[in-house]
Q: 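Can you read through this structure? Questions will come right after.
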Amino acid sequence: MIVVMKKNACKEEINRVSAQLQEAGFHCHLVVGTEKTIIGAVGDKSRLLNIPLEALPCVEKVIPILAPYKLASREFQPEDTLIQIGPVTLGGSELHVMAGPCAVESEEQILLTAQIVKEAGATILRGGAFKPRTSPYSFQGLGEEGLRYLALAREKTGLPVVTEAIDSASVDLVAYYADIIQIGARNMQNYALLKKVAKTGKPILLKRGLSATIEEWILAAEYIITAGNSQVILCERGIRTFETCTRNTLDLSAVPIIKHLSHLPIIVDPSHGTGKWRWVTSMAQAAVAAGADGLMIEVHPSPEDALSDGAQSLNPANFRQLMENLRNIARYTGKKLRPNDSRHLSCPEHTKLPPTEEGYRPKEGVM
Ligand code: PEP
Ligand code: MN
């Protein structure tokens, strides 16, 4: 439920109401606006009987939240959540493209791809170091070596890095190198992992599960927010249907629905959504037209040699073309793409962290 405090409610009154709610077993989240403060209270409504909230002179009204998720709901927070990732703000007036290979394969491959996607206008570099492959015989990723190459690519290009954590054991390691931690489709309902990544304090890119409803997906985001991290980016990446022409069915209706139900930013991954490079450009354009805050696109310098997902990866020329097309489309959706000029991303403080030459040292008792 949302407790809207009166305009003139003072700090003591706000704290008193929060304390009463907490005593009754509610978790309280304060949103301090320029005009009013609201208290988001999550807990068992029946325990409210002894607190006549609406009778308190400092309370304007109490609004129940009907959706099963609370903190992720638009009712709880009407304004869009903005997520700051180094020099990039996601969820605002800019469209951001995260691009790079499915998997980091070598230092040369990721440095070259980072340069290519940056020059074309991408603002975030993607690349998997731990790969959740359907087959145990497929390439599983380079692990920490891959993370080090990603950090090196960030140092050289200024592009923040998004990469996946596939289990709780590797979360601290991934958090040490990454700017955004990706939770893959296969792990969307791995609640222990969601709670663990939330604690890193890093922005979390939460992919939609292979067979997850939109409600289940937002509830997964709610797990991360209730664990203390409200920086969640939702990513539609296609769902399982009976269709076989594509690897998954990209559910673009999720974009306006999420915008309606939640304040969290949503991006679209048409690479996994279609599974074939030929359909990626059209669906990326459609996602932007539908109002997505960004895209995640797999790009490989030579897709035919890729160790994973080559069939759905764009080559550099096709990626450049896509970015050109997006510039035109974005203009009509109220979002802007940054000029594809490298100077816009220089942010030395951000790129120097963490010290890549030292590497990750697990804290005692952590791993
Ligand atoms: C990926 O981004 O490379 C990936 C494995 O994605 P998903 O979890 O959506 O399959
Ligand atoms: Mn992939």
Side-chain angles (χ1 to χ4, degrees), residues 1-84 91-92 168 171 181 183 188-204 206 213-234 257-266:
M1 114 199 110
I2 298 167
V3 182
V4 183
M5 301 299 290
K6 283 215 175 118
K7 237 184 192 170
N8 54 1
C10 64
K11 229 175 164 177
E12 288 73 38
E13 288 172 314
I14 296 167
N15 290 344
R16 211 177 311 131
V17 174
S18 298
Q20 274 183 292
L21 286 164
Q22 276 161 5
E23 261 168 50
F26 285 81
H27 290 282
C28 291
H29 297 261
L30 241 61
V31 182
V32 184
T34 46
E35 292 247 310
K36 288 176 196 171
T37 293
I38 64 169
I39 305 171
V42 184
D44 177 4
K45 251 197 314 210
S46 63
R47 302 185 67 173
L48 266 188
L49 294 173
N50 299 330
I51 317 174
L53 279 176
E54 283 192 298
L56 298 174
C58 56
V59 171
E60 185 177 303
K61 59 183 166 187
V62 178
I63 311 167
I65 299 179
L66 301 175
Y69 42 85
K70 312 291 176 197
L71 305 178
S73 75
R74 188 62 90 180
E75 288 165 289
F76 174 67
Q77 183 187 308
E79 311 82 45
D80 290 336
T81 285
L82 301 181
I83 298 184
Q84 195 65 40
S168 294
V171 164
I181 305 177
I183 296 296
M188 188 205 83
Q189 286 180 312
N190 183 341
Y191 301 122
L193 180 60
L194 298 183
K195 287 189 222 167
K196 178 94 202 253
V197 283
K199 298 284 181 229
T200 64
K202 297 256 167 153
I204 309 298
L206 180 65
T213 64
I214 289 175
E215 188 169 290
E216 287 163 344
W217 185 20
I218 304 178
L219 278 167
E222 187 89 359
Y223 264 92
I224 300 171
I225 304 176
T226 52
N229 187 343
S230 54
Q231 303 182 80
V232 183
I233 305 157
L234 298 170
I257 294 172
I258 289 289
K259 287 272 166 217
H260 178 70
L261 297 176
S262 176
H263 50 82
L264 297 173
I266 173 160

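Note that these values count all heavy atoms, side chains included, but never hydrogens, waters or copies made by symmetry. Every value quoted in this text rests on a predicted model; they were computed, and no experiment measured them.
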Q: Quick one: are T226 and V42 in side-chain contact, heavy atoms under 4.5 Å?
A: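 Sidechains of V42 and T226: no contact.
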
Q: Run the side-chain donor-acceptor check on residues 59-70: report pairs under 3.5 Å with partners two or more places apart or on a different chain.
A:
from, atom 1, to, atom 2, distance (Å)
E60, OE1, K36, NZ, 3.2
E60, OE2, K36, NZ, 3.3
K70, NZ, I65, O, 2.9
K70, NZ, A67, O, 2.8

Q: Once you round to the nearest 0.5 Å, how far does CG of L219 lie from CG of L194?
A: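 Spacing of CG (L219) from CG (L194) equals 11.0 Å.
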
Q: Pair up each side-chain donor or acceptor in residues 7-32 with any protein partner under 3.5 Å, not counting sequence neighbours, and list the distances.
A:
from, atom 1, to, atom 2, distance (Å)
E13, OE1, C10, N, 2.9
N15, ND2, K11, O, 3.4
S18, OG, I14, O, 3.1

Q: T81: what forms a side-chain hydrogen bond (donor to acceptor under 3.5 Å, both in side chains) with it, not counting sequence neighbours?
A: Q77, H263

Q: If the condition is side-chain contact (heavy atoms from CB on, under 4.5 Å), which residues does Q189 pass it with, not counting sequence neighbours?
A: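 In terms of side-chain contact (heavy atoms from CB on, under 4.5 Å), with neighbours along the sequence ignored, Q189 is linked to Y191, E216.
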
Q: Just to verify, what does A221 make a side-chain contact (heavy atoms from CB on, under 4.5 Å) with, not counting sequence neighbours?
A: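 For A221, the residues satisfying side-chain contact (heavy atoms from CB on, under 4.5 Å) (neighbours in sequence not counted) are L206, V232, L234, L264.
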
Q: CE of M188 to CG of L193: how many Å apart, nearest 0.5 Å?
A: 12.0 Å

Q: What's the spacing between Y223 OH and I218 CD1 if we round to 0.5 Å?
A: 15.0 Å

Q: Drop me the distance from E222's CD to S73's OG, to the nearest 0.5 angstrom.
A: 7.5 Å

Q: To the nearest 0.5 Å, what is the distance between CG (L261) and CD1 (I214)?
A: 7.0 Å

Q: Residues in side-chain contact (heavy atoms from CB on, under 4.5 Å) with N229, at least two apart?
A: A198, I204, I224, Q231

Q: With sequence neighbours left out, write down each residue that passes salt bridge (Lys or Arg N to Asp or Glu O under 4.0 Å) with K202, or none if nothing qualifies.
A: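 Partners of K202 under the salt bridge (Lys or Arg N to Asp or Glu O under 4.0 Å) test: none.
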
Q: To the nearest 0.5 Å, what is the distance between OG (S262) and CG (L71)?
A: 10.5 Å

